[in-house]
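One structure is given here, and the rest of the page talks about it.
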Amino acid sequence: MAILVTGGLGYIGSHTVVELLNNGFDVVIVDDLSNSERFILKNIEEITGKKPVFYPFDLKRKELLNQVFEAHQIDGCINFAAYKAVGESQEKPIDYYENNLFSLINILQEFKARDISNFIFSSSCTVYGQADVMPIDENTPLKMPESVYGKTKQMGEEILIDFAKAYQRKISLLRYFNPIGAHPTAKIGELPVGVPYNLVPYVMQTAAGVREKLNIWGNDYPTVDGTAVRDYIYVVDLAKAHVAALKRLMEMEPEKTVIDTYNLGTGKGSSVLEVVKAFERANNVEIPYQICERREGDITIAYANADKAERELNWKSETSLEDALKTTWEWQKYLDSRN
Ligand code: NAD
Ligand code: WQD
């Protein structure tokens, strides 16, 4: 029995592979290294003492994907593989629709043909847009995301729901809020590619002197201090939720339609300024910043009601914002040591 982890050398995927291996699963990774590097595989092996199978190819290559299913008994999939740069998705919509949806459909074609179930999908709180009520639970109405990236997530969910219903399969849609941090060993973390879009990687690089100062996109939001509020969840806690969601699906009887949906967050909102101050306290560094105009497409506030995951997965986020941000700084120092 093996679990296919697509995008398994990426940020969240690599942390999930570690948790899967630590829980006794065999893991087969397919990753085209479009947003990750091969040294992550070696570091996963150092952390776990185990060696996942790794195939470096693009999931859009159906013929290569077929060979993986021929060579391994795949009993489930966690599908992390996608392009995720929100701004880039507006400039390259067709690349994003092709990559994120064709990859997904190619895997589902194999699942359909081989009668395989247990599919976990990396979704995002972006499918809620600016929700009307906080905290956000799974019954909150979805809104058409503004970004092409967000639309690929919502379309991915719809494709999987139709797949589960038509072929009586078990799926779990995991809507991540804002993942942050790195592994406690500082051997894996989020690899910065170009100028970071996300807050925490940018804060990390500002602290390291890679960036001169942090631009805070807007302080005129109706929030505690005028800066936007998000739910920042530690990546290892998030990875553990994937193992719990997979075990839940695998324990259920086969040949039945199961459509699980979980909001994965801490249940607590933190403003941009609160994150900056927490990073400074946690790591005894200073983050120079300037207040700028709002960023196009940003919402004011989003934080999760994660009660359903706690109830059904026996999972909850356990790591504080400051402790998560400490791992971010250790990861930056590890990256600096490699250069
Ligand atoms: P990431 O870019 O670090 O990981 C994605 C991995 O998929 C990369 O290693 C990349 O090389 C690989 N990949 C992409 N397209 C591929 C293809 N066609 N074939 C093979 N490999 C391919 O991103 P992440 O932050 O780890 O996110 C993982 C998933 O979670 C993504 O689907 C993302 O949309 C989703 N998500 C991320 C966040 C976040 O803030 N990081 C939030 C919500 C949802
Ligand atoms: C958080 C807050 C920014 C950078 C995005 C995607 C979402 C998911 C997570 C993939 C916002 C502010 C940021 C900076 C800033 N990705 N900020 N200066 O926008 O909540 O979500 O990443 O699935 O789909 O939309 O996260 O980290 O980009 O921003 O002031 O340099 O930090 O305006 O208020 P976001 P983020």
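Each ligand, and each atom within it, is numbered from 1 in the order the structure gives. Starting from 1, each residue takes its place in the sequence as its number. When reading the values below, keep in mind they use all heavy atoms of this one structure, side chains included, and skip hydrogens, waters and symmetry mates.
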Is it the case that atom CD in Gln290 sees more than 12 heavy atoms from other parts of the structure closer than 6.0 Å? yes
Proximal atoms of ligand 1 relative to [X] (non-hydrogen, under 4.0 Å):
X	answer
Ser122	29 (C), 30 (O), 32 (O), 35 (C)
Ala82	5 (C), 7 (O), 14 (C), 15 (N), 32 (O)
Asp58	17 (C), 18 (N), 19 (N)
Gly7	6 (C), 7 (O), 12 (C)
Phe57	19 (N), 20 (C)
Leu33	11 (O)
Ser34	10 (C), 11 (O), 13 (N), 14 (C), 15 (N)
Tyr149	33 (C), 34 (O), 35 (C), 36 (N), 44 (C)

Kindly determine whether His183 and Tyr334 satisfy ring-ring contact (aromatic ring centres under 6.0 Å, His included), including the steps that lead there. CA-CA 11 Å; His183 196 265; Tyr334 171 80; over 10 Å; no
For [atom], what is the nearest protein heavy atom, given as residue, atom name and distance?
atom	answer
atom 25 (O) of ligand 1	Lys84 NZ, 2.8 Å
atom 15 (C) of ligand 2	Trp217 CD1, 3.2 Å
atom 23 (O) of ligand 2	Tyr149 OH, 2.3 Å
atom 22 (O) of ligand 2	Asn198 ND2, 2.9 Å
atom 8 (C) of ligand 1	Asp31 OD2, 3.7 Å
atom 4 (O) of ligand 1	Gly10 CA, 3.5 Å
atom 25 (O) of ligand 2	Val86 CG2, 3.6 Å
atom 40 (O) of ligand 1	Pro179 CD, 3.3 Å
atom 8 (C) of ligand 2	Ser124 OG, 4.4 Å
atom 12 (C) of ligand 2	Val272 CG2, 3.8 Å

Test item: side-chain donor near acceptor, Tyr96 and Glu88, under 3.5 Å: yes
Indicate whether any N or O donor in one side chain lies under 3.5 Å from an N or O acceptor in the other, for Lys308 and Asn263. no
Yes or no on salt bridge (charged side-chain N to carboxylate O under 4.0 Å, His left out) for Glu46 and Lys42, after CA distance, side-chain angles and deciding distance? CA-CA 6 Å; Glu46 285 180 12; Lys42 177 176 66 65; 3.3 Å; yes
Do any nitrogen or oxygen atoms of Phe80 lie less than 3.5 angstrom from nitrogen or oxygen atoms of ligand 1? yes
Cation-aromatic face contact Lys50/Phe25, 6.0 Å, 45 degrees: no
Please say whether the positively charged group of Arg338, taken as NZ for Lys or CZ for Arg, lies over the ring of Phe39, i.e. under 6.0 angstrom from the six-membered ring centre and within 45 degrees of the axis. yes
Within reach of ligand 1, part of [X] (heavy-atom separation under 4.0 Å):
X	answer
Ala81	both
Ser123	backbone
Glu190	neither
Leu59	both

Part of [X] within contact of ligand 2 (heavy atoms, under 4.0 Å):
X	result
Thr227	neither
Tyr197	both
Asn178	side chain
Asp298	side chain

Looking at ligand 2, would Tyr232 count as a contact under a 4.0 Å heavy-atom criterion? yes
Hey, are Lys51 and Glu45 close enough for a salt bridge, meaning a charged N less than 4.0 Å from a carboxylate O? yes
Please determine which of Thr206, Leu273, Asn215, Val272 meets the side-chain contact (heavy atoms from CB on, under 4.5 Å) test together with Tyr289. Leu273
Looking at Asn66 and Phe69, would you say the former's side chain and the latter's main chain have a donor-acceptor pair under 3.5 Å? no
Is it the case that the ring center of Tyr234 lies less than 6.0 angstrom away from the ring center of His15? no
Out of Val30, Leu174, Thr152, Asp32, who gets a non-hydrogen atom closest to atom 13 (N) of ligand 1? Asp32
